Amino acid sequence: AKANGPRCDAGAGGQTLHALKAAGLGVVMRHAEYASVTALDVDAVPALDAAHPAAWLALDAASDVFGASNVGKPVLVNGGVLVLRNTAWARELVRAWWRNRCGSADQYALWKSLAELWRRDHPKFRFSD
């Protein structure tokens with residue numbers, strides 16, 4: 001798990017334990033009995049006080065992935081708070097997230113993976129600042 005993914009440039013720095021999140025999600029999501037999975041970093045557990053994962057899933061029956069940003073420094077999605085339906089699309093996202101792992105932060109690989117799938121599903125999609 002300390003190795004970077006095959007798409008990572010040399011010199012990006014080694015992996016941290018964050019990389020295991022995508023691997024763990026992938027293993028759990030192999031089991032069809034789990035309709036959804038929730039991934040939380042330890043420092044993100046208070047986010048559950050705001051809304052139970054079931055409340056996130058109830059927001060939109062057609063959505064496969066729900067995430068949150070940061071309070072002080074907004075980002076596309078913080079990899080520390082994710083609720084995923086156990087769907088083919090979400091499993092593809094987790095596989096891409098693992099494949100794209102690079103360096104010490106897991107969020108960049110998550111964002112890249114989201115952009116890849118969105119671009120595949122919507123060819124005119126462009127991810128920009």
Side-chain angles (χ1 to χ4, degrees):
K2 292 238 178 219
N4 286 314
R7 298 179 179 178
C8 189
D9 295 330
Q15 284 293 306
T16 63
L17 292 177
H18 288 292
L20 295 177
K21 191 182 320 170
L25 286 168
V27 169
V28 171
M29 292 174 78
R30 289 181 183 169
H31 299 276
E33 65 267 24
Y34 299 115
S36 67
V37 295
T38 301
L40 291 172
D41 286 356
V42 173
D43 61 347
V45 171
L48 284 182
D49 292 337
H52 189 276
W56 293 35
L57 293 166
L59 290 171
D60 182 9
S63 294
D64 297 303
V65 178
F66 299 85
S69 185
N70 299 334
V71 175
K73 184 179 175 189
V75 296
L76 175 65
V77 63
N78 182 327
V81 181
L82 291 173
V83 178
L84 301 97
R85 288 189 202 282
N86 196 354
T87 63
W89 197 94
R91 288 188 299 273
E92 284 183 74
L93 173 64
V94 169
R95 281 192 299 271
W97 190 10
W98 174 254
R99 193 174 52 248
N100 287 325
R101 69 193 184 282
C102 187
S104 61
D106 64 338
Q107 296 184 143
Y108 302 124
L110 175 60
W111 301 342
K112 178 177 181 169
S113 302
L114 283 165
E116 287 174 356
L117 291 176
W118 289 336
R119 195 172 21 244
R120 181 202 68 194
D121 295 346
H122 307 280
K124 292 185 180 181
F125 173 81
R126 294 292 172 258
F127 190 59
S128 65
D129 298 332

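All values below were derived from every heavy atom in this structure, side-chain atoms included, with hydrogens, water molecules and symmetry-related copies excluded. All residue numbers in this chain count up from 1 along the given sequence. Remember, predicted model here, so these are calculated numbers, not experimental data.
- Checked against side-chain hydrogen bond (donor to acceptor under 3.5 Å, both in side chains), Trp89 has the following partners two or more places apart in sequence or in another chain: Asp121.
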Step-by-step side chain to side chain contact (heavy atoms under 4.5 Å, CB included) determination, Leu76 to Leu110 | CA-CA 10 Å; Leu76 175 65; Leu110 175 60; over 6 Å; no

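- With sequence neighbours excluded, no residue satisfies side-chain hydrogen bond (donor to acceptor under 3.5 Å, both in side chains) with Arg85.
- Separation of atoms CG (Asn78) and CH2 (Trp111) is listed at 8.5 Å; rounding is to 0.5 Å.
- Between Trp56 and Thr38, every side-chain heavy-atom pair lies at or beyond the 4.5 Å cut-off.
- Partners of Phe125 according to the side chain to side chain contact (heavy atoms under 4.5 Å, CB included) rule, which considers only residues two or more places apart in sequence or in another chain, are Ala115, Trp118, Arg119, His122, Phe127.
- Between the side chain of His52 and the main chain of Ala54, a donor-acceptor pair closer than 3.5 Å is present.
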Going through the checks in order, is the side chain to side chain contact (heavy atoms under 4.5 Å, CB included) test met by Gln107 and Val77?
-> CA-CA 8 Å; Gln107 296 184 143; Val77 63; over 6 Å; no

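- Under the side-chain hydrogen bond (donor to acceptor under 3.5 Å, both in side chains) criterion, Ser63 pairs with Asp60, sequence neighbours left out.
- Between Asp106 and Lys21, the shortest heavy-atom distance links the atoms OD2-NZ, 2.8 Å.
- Here the shortest heavy-atom pairing between Pro74 and Ser69 reads CA-OG, 3.2 Å.
- Not counting sequence neighbours, the partners of Ser113 by the side-chain hydrogen bond (donor to acceptor under 3.5 Å, both in side chains) test are Asn100.
- Of all heavy-atom pairs spanning Leu57 and Ser36, the tightest one is CD1-OG, 3.4 Å.
- Checked by atom type and distance alone, the side chain of Arg30 never pairs as donor or acceptor with a backbone atom of Val27 at under 3.5 Å.
- Arg120 pairs by the salt bridge (charged side-chain N to carboxylate O under 4.0 Å, His left out) definition with Glu92, not counting sequence neighbours.
- Considering only residues two or more places apart in sequence or on other chains, Tyr34 meets the ring pair (Phe, Tyr, Trp, His ring centres under 6.0 Å) condition with none of them.
- Panel note: side chain Trp97, backbone Ala109; no donor-acceptor pair is recorded below 3.5 Å.
- Taking Ala90 as the reference, Met29, Asp64, Val65, Leu84, Thr87 meet the side chain to side chain contact (heavy atoms under 4.5 Å, CB included) condition, with sequence neighbours excluded.
- Side-chain contact between Arg91 and Asn86 is present, with heavy atoms from C-beta onward closer than 4.5 Å.
- Minimum interatomic distance between Val94 and Ala22 (heavy atoms only, all atoms of both residues): CG1-O, 3.1 Å.
- One distance of note links CD of Glu116 with CG of Leu93; it measures 10.0 Å at 0.5 Å rounding.
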